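Structure, as structure tokens:
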Amino acid sequence: MKDRMMTNDLDIDHLRQWIGREEVKSERATPALVDRFRATFDQEREAQGGEAAPVMIHLCLAPPTAPTSGLGPDGHPARGGFLPPVPLPRRMWAGGAFAFHDDIRVDEVVTRRSAIRDVTVKHGRSGVLCFVTVDHRIESGGRLVIEERQDIVYRDVDTPADAPKDAPAPAPHGAHRVRVAPSAALLFRYSALTFNGHRIHYDNPYVRQVEGYPGLIVHGPLQATQLVQFAESIRGRRPAQFDFRSLSPLFDIADYTLNATEDGDGLKLWTAYADGPVAMEARATW
């Protein structure tokens with residue numbers, strides 16, 4: 001078994017040279033894409049040019065397009081390029097924030113301007129963690145519509161010793177609560193929308209036999225999208241600000257719930273199995 005990654009195995013000075021690196025990508029928010037997005041989330045309405053596109057569709061626009069030959073064994077693009085080449089095997093969407101200023105409109109060209117804000121190394125229960133913070137500025141038809149902070153964490157593979165000694169407390173039930181069935185079709189469709197080749201979301205033999213997980217993993221961006229949509233359905237309009245972080249994974253082995261409760265001038269939201277711990281927690285304000 002290979003030795004686990006130590007802090008001094010990471011050349012943090014080299015990785016921090018990526019700070020300030022920028023990338024610009026554009027794609028038109030076509031009616032066809034909007035229709036596929038709505039179908040994925042069971043919204044039965046055909047897109048019309050010029051109307052407001054669904055909230056969070058920006059995560060499906062202008063995704064990275066590495067050639068198939070450039071993907072690693074896990075289906076992720078090879079390290080390097082815009083993101084720093086962190087030599088840790090697992091990469092996850094740890095959290096972030098969205099500031100919604102305006103709507104993306106169907107048939108407008110959407111441009112994402114991205115920049116690496118920071119690269120840091122910390123020690124966690126499972127060993128060395130490398131955090132990469134990326135800022136995104138989303139424009140639609142030349143207007144600023146969304147500002148996003150994306151927190152990415154890289155870590156080593158878990159070992160049995162990393163398992164928590166005590167089971168985490170079950171999440172409370174929200175005043176607003178709906179059940180979600182994480183079907184393989186839902187996870188596949190979201191991977192297709194975001195051009196995400198990571199095999200943990202669609203390849204059950206791989207995820208169980210190679211990664212050692214009990215089932216397919218529910219995407220962090222998918223959960224965040226569902227929580228923003230849930231907040232929008234409760235208040236009747238999209239929030240102005242949405243902050244979130246991932247605490248534990250959800251798998252396709254059981255249904256999970258979207259939860260919300262009033263929290264001052266906003267809503268506190270979270271995902272969880274019916275009697276499981278909080279998986280993603282968030283706060284939305286208007």
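Since the structure is predicted, the reported quantities are computational estimates derived from the model, not experimental observations.
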Do [X] and [Y] share a hydrophobic cluster, counting only Ile, Leu, Val, Met, Phe, Trp and Tyr and linking them when any side-chain heavy atoms are less than 4.5 Å apart?
X	Y	answer
Ile152	Leu71	no
Leu250	Tyr206	yes
Val106	Leu33	yes
Ile146	Leu144	no
Ile253	Ile217	yes

For the side chain of [X] and the backbone of [Y], is there at least one donor-acceptor N/O pair under 3.5 Å apart?
X	Y	answer
Thr257	Ala272	yes
His136	Ser114	no
Asp263	Gly266	no

Pro239 side chain near Phe98 side chain, heavy-atom distance below 4.5 Å = no
Kindly indicate, with the supporting measurements, whether the criterion salt bridge (charged side-chain N to carboxylate O under 4.0 Å, His left out) is fulfilled by Arg117 and Asp135.
-> CA-CA 6 Å; Arg117 182 200 297 186; Asp135 290 328; 2.8 Å; yes
Pairing residues for [X] by the salt bridge (charged side-chain N to carboxylate O under 4.0 Å, His left out) criterion, not counting sequence neighbours:
X	answer
Glu281	Arg245
Arg28	none
Arg199	Asp203
Asp35	none

Can you name the closest pair of heavy atoms from [X] and [Y] and give their distance?
X	Y	result
Arg237	Trp286	O-NE1, 2.9 Å
Val119	Cys130	CG1-SG, 3.9 Å
Arg91	His198	O-CE1, 4.4 Å

With a cut-off of 3.5 Å and sequence neighbours excluded, list every side-chain donor-acceptor pair involving residues 51-63.
residue, atom, partner, partner atom, Å
Glu51, OE1, Arg45, NH1, 2.7
Glu51, OE2, Arg38, NH1, 3.2
Glu51, OE2, Gln48, N, 2.8
His58, NE2, Glu148, OE1, 3.3

Take Phe242 and Phe100 through the test ring-ring contact (aromatic ring centres under 6.0 Å, His included) and record every step on the way to the result.
-> CA-CA 8 Å; Phe242 183 84; Phe100 298 100; 7.5 Å; no
Tell me who clusters with Tyr202, hydrophobic residues only, linked when side chains sit under 4.5 Å apart either directly or through other members.
-> none
Please go through Trp270's hydrophobic cluster and name the other residues, only I, L, V, M, F, W, Y counting, with side-chain heavy atoms under 4.5 Å joining them.
-> Leu247, Val278
Do you know which of Ile104, Asp103, Val109 makes side-chain contact (heavy atoms from CB on, under 4.5 Å) with Ser140?
-> Ile104
Would you mind checking if [Y] and [X] are paired as a salt bridge, meaning a charged N to carboxylate O distance below 4.0 Å?
X	Y	value
Arg143	Asp102	yes
Arg113	Glu22	no
Arg149	Asp151	yes
Glu23	Arg21	no

Sequence neighbours excluded and cut-off under 3.5 Å, please list the side-chain donor-acceptor pairs for residues 175-184, or say none.
residue, atom, partner, partner atom, Å
Arg177, NE, Asn259, OD1, 3.3
Arg177, NH2, His173, NE2, 3.3
Ser183, OG, Leu186, N, 3.1

Which pairs with one or both residues in residues 206-219 pass salt bridge (Lys or Arg N to Asp or Glu O under 4.0 Å), sequence neighbours excluded?
-> Arg90-Glu211
Gap separating the CG atom of Asp74 from the CD1 atom of Ile200, nearest 0.5 angstrom = 8.0 Å
Steps toward side-chain hydrogen bond (donor to acceptor under 3.5 Å, both in side chains) verdict (Glu139, Thr111) = CA-CA 5 Å; Glu139 299 171 358; Thr111 298; 5.3 Å; no
Apply ring pair (Phe, Tyr, Trp, His ring centres under 6.0 Å) to Phe131 and list each qualifying residue two or more places apart in sequence or on a separate chain.
-> none
Partners passing ring pair (Phe, Tyr, Trp, His ring centres under 6.0 Å) against Phe41 (at least two apart in sequence or in another chain) = Phe37
Begin from the C-alpha positions of Glu27 and Arg112 and carry the test side-chain contact (heavy atoms from CB on, under 4.5 Å) through to its verdict.
-> CA-CA 9 Å; Glu27 183 179 354; Arg112 183 182 66 247; over 6 Å; no
Output all residues satisfying side chain to side chain contact (heavy atoms under 4.5 Å, CB included) with Ala254, sequence neighbours left out; order by chain, then residue number.
-> Tyr273
